[in-house]
Amino acid sequence: MEKKYNPQAIEKKWQEYWEKEGHFRVKEDSDLPKFYCLEMFPYPSGKIHMGHVRNYVIGDVITKYKKLKGFNVLHPMGWDSFGLPAENAAISHGVHPAAWTGENIAYMKNQIKKIGLCYDWQREITTCKAEYYKWNQWFFLKMLKLGLAYKKASFVNWCPSCDTVLANEQVVNGLCWRCDTTVTRRELEQWFFKITAYAEELLNSCNALTGWPERVVVMQRNWIGRSEGVEVDFRVAGSDKAIRIFTTRQDTLYGATFISLSKKYPLLDALVKDREVGRQIEKLSEDSREKEGVFTGSYAINPLTGDKLPVWVANFVLMEYGTGAIMAVPAHDQRDFEFARKYNLPVKVVILPESHMKHTETGKNKDKISEAYEDEGMLVNSDRFSGLQSIDAKKGIACFLEKEGLGKKVINYKLRDWGVSRQRYWGTPIPIVYCESCGIVPVPENELPVLLPDGVFSNSKGASPLSEITDFKETRCPGCGESARRETDTMDTFVDSSWYFLRYCSPHENDRPFDPDAVLYWMPVDQYIGGIEHAVLHLLYSRFFTKVLRDIGIIKMDEPFKNLLTQGMVIKDGAKMSKSKGNVIDPDYLINRYGADTVRLFCLFAAPPEKDLEWSDKGVEGSYRFLNRIWVLTYNNREVLMLSHRENKNDSFSFSHLKPNALRLLRKTHQTIKKVTNDIERNYHFNTAIAALMELMNEIASFTPLSEDDKNVLGFSLKQGILLLAPFAPHIAEEFWKGMGGSQSVFNETWPLWDEKITREDEIELVIQINGKLRSKLMIPAGLDDEGIKESALRDPRISEYLQSRCMKKIIVVKGKLINIVI
RNA sequence: GCCGGAGUGGCGGAAUUUGGUAGACGCAAGGGACUUAAAAUCCCUCGGUCUUUAAGGCUGUGCCGGUUCAAGUCCGGCCUCCGGCACCA
């Protein structure tokens, strides 16, 4: 062991050692409890950044800890390697996306290894390889067969910068999730996955996600957006047609004063007689927040009142939700109210708030209101339902409508089907052929994979690059053998990441996506770690895929991720680290300067994992100082440590006759084992675990051994400290471990256990309060009974001074902690 | 607007599980030791304020109330910040 801590010298050595020994290579072993630890795999964009480092270090600590605890731990890594940046780099630099991606992977893999992360690299996955994306195609065909993949023309989100369609989940505040370009609408024929078929289950099983952060579950629930209501038919006056509306507020049905339709409402042609009106409707902008509308000229009949209501087109009514038609109740819906005021339409109050009930006579409602009353209340002007509370009226009116055949109860979801077609090159080809006579024909399974053609791809805007590759596009129909044309769109890359965690279980299967037995053994993922940005996107798609694959019959679980940890961002100078802000810290630079252990330690110590981490160069130096202190401490005590290890002086030595300071160190050691273990087990609060380790090291440093017993305790404490440090700073721990004579890796050891007996203090500091205020402290034996505590407290000179000439009302004793004297 | 989460020293953060010494651990700052000097290292101080010889007193966890012997922690009412959704009928 060198005298000076030189991370560069030791880190490389142990990284090679771990890799050579295959330390973190795993296979299924039914004798061992399994643990599947997974970090969201990266897109190989070029270099890793601090966000990656933080993410992977958190997973690495958990992995190493679980291994020391005796688990068979699967910890794989791979590359989410299809996607736009590769294609854009290819266009601007003239390199092939595959080459660009391959170089990045090689570079990033090397960077990752320098952090000292323990992955089973034999399970590495690269999604842009045919051996992987073949199974995307296979799943697509399975879903097609089940009606879960289908093609339809619709208005879709279009990113003009990325030149492709986006799913709803990929539009963030109207901007593209990847490049922040304003998303436009286009009408296109696209492939969809019918995620809405699973809306109910995805929502209900949110309750089973007990290991997920509450806010992520809430975001998923909101995204799915269930609402209960009724659909009601409003007959069009003078016609046999009807307008079907959806409402969740059937209790306000008597207050409907007009009907609003989406400008895309299919029946519109029949309702609009005047051509000029049609032109005005055409001009309505759905993007405008300003409410605008046009009267169609038609009327519809309220089935409950028989009233004739004017039918309008309103720019805020969405065709995509409900039926594309609503009943407008201006008195009880603010949007309808604004619309009614603008176009001078009638307002009819049918709900009164609780507070009004006492002093407002029913029937005498004020139509001159300044805003809609949207809460529930008591019905008025509602015929037989007047006087009911909203909650009862909702039930009553829904039942009445159903009984009379005027409407039915309906559940609606905000969730839309997942559009998976992308008009780009660098993705999985959709395995479909279009034939003049046979129509849409799936590529037969035995012809998979449909290979992404190599080499040629272009930069033409608006069309799929694959459509320009004749060799690819022109093919034979698998059905009739006549010439046909391939689908030239590729799949959304989120398809790739929706099942990669299954592939890791048996990544080399050629004839099936994965081995069901391996999946049965490893799944679900016990700990998944990644950024909050996927709270809906990737996590929702993966849950959907899991349920579909279950229904196909190839897996048996309902949910893929048992526990989820969403780590916070890495912040510098108040903003997320990014190239554009110029506040990035290069992990390579830090590792070269301080070593990986320092970088790891700082990432873990500066904040609990779920919170944002404020970067501090000085803080990194603090972590480096700590490791140096440990180094010096261990070096100075190397002989004691080696002796302790050789003679295997574990916790078996007698401690009953130890001197007070040695006993104190021994106690501190057991307390630290307990604290570190609990901090990891409870909620991965590594920051406080490391703080406890620092305390232990400070205590060891201030301990001077005088006797053999003292040396035994010192050796024991140091050895336990090294074991506790191992998951956080693996290189230095391995160096110490081997340096003191360990025959095998520190990671083949077992995590230390604490002895509860020893953690307990035999003397405690009694806090003495008077009227709840701290007045004195006193050392007393831990086992002292209430009477004894009272006696000692009252004997305390400071206390007796306080108590002079005052009478005590009450004394409260909290055993082992404090006494409060009320005077 | 709706739904989450959070407000604690100069800073990152402890203590909230189970009401019981607020500020662990670290960073920064100030002082000192060592050194020709500097770096490194080590030691001391470190919420505010009053008194100061000592010890201590008062005050302090976003704000206002409440419960309690005792509240950062529980209850009621606000304020601010962050995140998500947002014309979803």
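Just so it is clear: chains get the letters A, B, ... in the order the sequence lines come, proteins before strands, and each one is counted from 1.
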J.: Ignoring hydrogens and angles, does a donor from either the side chain of A/Gln769 or the base of B/U21 sit under 3.5 Å from an acceptor on the other?
T.: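 Answer is no: no donor-acceptor pair is held.
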J.: How close or far is atom P of B/C87 from atom CG of A/Leu318, stated in whole angstroms?
T.: 7 Å
J.: From CZ of A/Phe602 over to C1' of B/C27, roughly how many Å is that when rounded to an integer?
T.: 9 Å
J.: Picking from B/A24, B/C3, B/C69, which would you name as closest to the side chain of A/Thr688?
T.: B/A24
J.: For atom C1', what is the distance between B/U52 and B/C64, given to the nearest Å?
T.: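 36 Å, rounded to whole Å.
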J.: Using atom P of each nucleotide, how far apart are B/A89 and B/C69 to the nearest Å?
T.: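 The answer is 49 Å between these two P atoms.
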J.: I want to confirm an ordering. Mapping A/Gly619 and A/Val814 to their closest nucleotides on RNA chain B, which one lands closer to the 5' end?
T.: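 Between the two, 5'-proximity favours A/Val814.
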J.: I'd like to know if the side chain of A/Asn55 and the backbone of A/Gly51 have a donor-acceptor N/O pair within less than 3.5 Å.
T.: no
J.: Nearest of B/A89, B/G84, B/C25 to any side-chain atom of A/Met219?
T.: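 Among the listed nucleotides, the one closest to the side chain of A/Met219 is B/G84.
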J.: Determine the Euclidean distance between corresponding C1' atoms of B/G76 and B/C25; express it in Å to zero decimal places.
T.: 36 Å
J.: Do any side-chain nitrogens or oxygens of A/Lys817 fall under 4.0 Å of OP1 or OP2 in B/G20?
T.: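 No, A/Lys817 has no side-chain N/O under 4.0 Å of OP1/OP2 on B/G20.
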J.: Between B/C87, B/A24, B/A89, which nucleotide gets closest to the side-chain atoms of A/Ser227?
T.: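 Nearest nucleotide to the side chain: B/A89.
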J.: Would you classify B/G9 as syn or anti? Syn applies when the glycosidic angle is within 90° of 0.
T.: syn
J.: Where the side chain of A/Trp223 is defined as all heavy atoms beyond and including C-beta, which of B/C27, B/A86, B/G13 is the nearest nucleotide?
T.: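 Looking only at heavy atoms from C-beta outward on A/Trp223, the closest nucleotide is B/A86.
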J.: Could you tell me how far apart A/Ile768 (CD1) and B/U21 (C1') are, to the nearest whole angstrom?
T.: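 These atoms are roughly 12 Å apart.
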J.: Measuring from the side chain of A/Ala691 (C-beta onward, heavy atoms only), which nucleotide among B/A89, B/A24, B/A14 has the closest atom?
T.: B/A24
J.: Which part of the nucleic acid, if any, lies within contact of A/Arg625, taking any heavy atom under 4.0 Å across all strands shown: a base, the sugar-phosphate backbone alone, or nothing?
T.: sugar-phosphate
J.: May I ask you to decide if the ring planes of A/Phe295 and A/Trp312 are parallel, tilted or perpendicular, using 30° and 60° as cut-offs?
T.: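 Ring orientation of A/Phe295 relative to A/Trp312: tilted.
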J.: Side chain of A/Lys618: nearest nucleotide among B/C27, B/A89, B/C25?
T.: B/C27
J.: Give a yes-or-no answer on whether the side chains of A/Tyr541 and A/Glu169 include a donor-acceptor pair shorter than 3.5 Å.
T.: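 There is such a pair between these side chains.
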J.: Of all the choices, B/A89, B/A86, B/A24, which nucleotide is nearest to the side chain of A/Val317 once you look at every atom?
T.: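 Within the option list, the nearest is B/A89.
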J.: Between B/G72 and B/A54, how far apart are the C1' atoms? Round to whole Å, please.
T.: 33 Å
J.: If you write RNA chain B from 5' to 3' in dot-bracket form, with Watson-Crick or G-U pairs under 3.5 Å, [ ] for crossing pairs and | for pairs with another strand, what do you get?
T.: (((((((..(((.......[....))).(((((.......))))).((((.....))))..(((((..]....))))))))))))....
J.: When you compare B/C63 with B/U80, how far apart are their C1' atoms, in angstrom units rounded to a whole number?
T.: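 Those two atoms are separated by 10 Å.
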J.: Check this one for me: any side-chain N or O of A/Arg215 less than 4.0 Å away from OP1 or OP2 of B/G84?
T.: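 No, no such contact exists.
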J.: Rounded to whole angstrom, note down the P distance from B/U61 over to B/G66.
T.: 16 Å
J.: Is there a donor and acceptor pair closer than 3.5 Å between the side chain of A/Asn820 and the base of B/C69?
T.: yes
J.: What contact category does A/Glu320 fall into here, base, sugar-phosphate, or nothing, at under 4.0 angstrom with non-hydrogen atoms?
T.: nothing
J.: For the rings on A/Phe626 and A/Trp631, is their centre-to-centre separation under 6.0 Å?
T.: no
J.: Given atom NZ of A/Lys790 and atom C1' of B/C69, what is their separation to the nearest angstrom?
T.: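 Value for this atom pair: 13 Å.
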J.: Mind checking if A/Ser623 touches a base, just sugar-phosphate, or nothing, with heavy atoms under 4.0 Å?
T.: nothing
J.: Give me the one residue out of A/Thr672, A/Asp679, A/Asn678 that meets side-chain hydrogen bond (donor to acceptor under 3.5 Å, both in side chains) with A/Lys675.
T.: A/Asp679
J.: B/U41 P sits how many Å from A/Tyr5 OH, rounded?
T.: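 The distance from OH of A/Tyr5 to P of B/U41 comes to 14 Å, rounded to the nearest Å.
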J.: Would you mind reading off the distance between A/Phe316 atom CZ and B/A86 atom P, rounded to a whole angstrom?
T.: 18 Å
J.: What interatomic distance, in whole Å, is found between C1' of B/G13 and the corresponding atom of B/A24?
T.: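 Per the computed distance, 10 Å lies between those C1' atoms.
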J.: Please determine whether salt bridge (charged side-chain N to carboxylate O under 4.0 Å, His left out) holds for the pair A/Lys264 and A/Glu320, giving the CA-CA distance in whole Å, both sets of side-chain angles, and the decisive distance to 0.1 Å.
T.: CA-CA 9 Å; A/Lys264 295 184 206 124; A/Glu320 293 82 12; 3.4 Å; yes
J.: Under 4.0 Å, heavy atoms only, any strand: does A/Asn698 hit a base, just the sugar-phosphate, or nothing?
T.: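 Sugar-phosphate contact only - A/Asn698 comes under 4.0 Å of backbone atoms but never of a base.
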J.: Is A/Gly322 touching bases, backbone alone, or none of the nucleic acid, heavy atoms closer than 4.0 Å?
T.: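 Touches nothing.
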J.: Nearest to the A/Leu818 side chain among B/A24, B/G26, B/G20, which nucleotide is it?
T.: B/G20
J.: Does A/Lys773 have a side-chain nitrogen or oxygen under 4.0 Å from the phosphate oxygens OP1 or OP2 of B/U21?
T.: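 No, A/Lys773 has no side-chain N/O under 4.0 Å of OP1/OP2 on B/U21.
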J.: Return the nearest nucleotide to the side chain of A/Pro608; candidates are B/U17, B/A14, B/A28.
T.: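 The listed nucleotide nearest to A/Pro608's side chain is B/A14.
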J.: Could you go through the side-chain hydrogen bond (donor to acceptor under 3.5 Å, both in side chains) check for A/Arg226 and A/Asn412 one step at a time?
T.: CA-CA 6 Å; A/Arg226 180 185 198 267; A/Asn412 264 325; over 6 Å; no
J.: Quote, to the nearest angstrom, the C1' distance that separates B/U21 from B/U73.
T.: 15 Å
J.: What nitrogen or oxygen pairs link the protein and nucleotides 51-57 of chain B at under 3.5 Å?
T.:
residue: B/G57; atom: OP1; partner: A/Arg775; partner atom: NH1; Å: 2.9
residue: B/G57; atom: OP1; partner: A/Tyr802; partner atom: OH; Å: 3.3

J.: Take A/Glu228 and A/Lys394 through the test salt bridge (charged side-chain N to carboxylate O under 4.0 Å, His left out) and record every step on the way to the result.
T.: CA-CA 11 Å; A/Glu228 276 179 42; A/Lys394 275 185 184 177; over 6 Å; no
J.: Side chains of A/Thr634 and A/Tyr5: donor-acceptor distance under 3.5 Å anywhere?
T.: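 Checked: A/Thr634/A/Tyr5 side chains show no N/O donor-acceptor pair below 3.5 Å.
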J.: Could you tell me whether the side chain of A/Ser776 and the main chain of A/Ile768 form a donor-acceptor pair under 3.5 Å?
T.: no
J.: Can you see whether A/Phe339 has A/Lys291 sitting over its ring - NZ or CZ less than 6.0 Å from the centre and within 45° of the normal?
T.: no
J.: Is the centre of the A/Trp418 ring less than 6.0 Å from the centre of the A/Phe192 ring?
T.: no
J.: On RNA chain B, does the nearest nucleotide to A/Glu614 precede the nearest nucleotide to A/Ile532 from the 5' side, or the other way round? Give the residue.
T.: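 Between the two, 5'-proximity favours A/Glu614.
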J.: Between the base of B/C87 and the side chain of A/Lys291, is there a donor and acceptor pair under 3.5 angstrom?
T.: yes
J.: Separation of A/Arg629 atom CZ from B/C27 atom P, in whole Å?
T.: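 Spelled out: CZ on A/Arg629 to P on B/C27 is 7 Å.
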J.: Rounded to the nearest Å, what distance is computed from the CD atom of residue A/Glu621 to the P atom of nucleotide B/A39?
T.: 13 Å
J.: Report the nucleotide, chosen from B/A89, B/G26, B/A24, that has the shortest atom-to-atom distance to any side-chain atom of A/Met694.
T.: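 Among the listed nucleotides, the one closest to the side chain of A/Met694 is B/G26.
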J.: Reckon A/Asp612 touches a base, only the sugar-phosphate, or nothing at all at heavy-atom distances under 4.0 Å?
T.: sugar-phosphate
J.: Just checking, is any N or O donor in the side chain of A/Glu231 or A/Gln250 under 3.5 Å from an acceptor N or O on the other one?
T.: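 No, no side-chain donor-acceptor pair sits under 3.5 Å.
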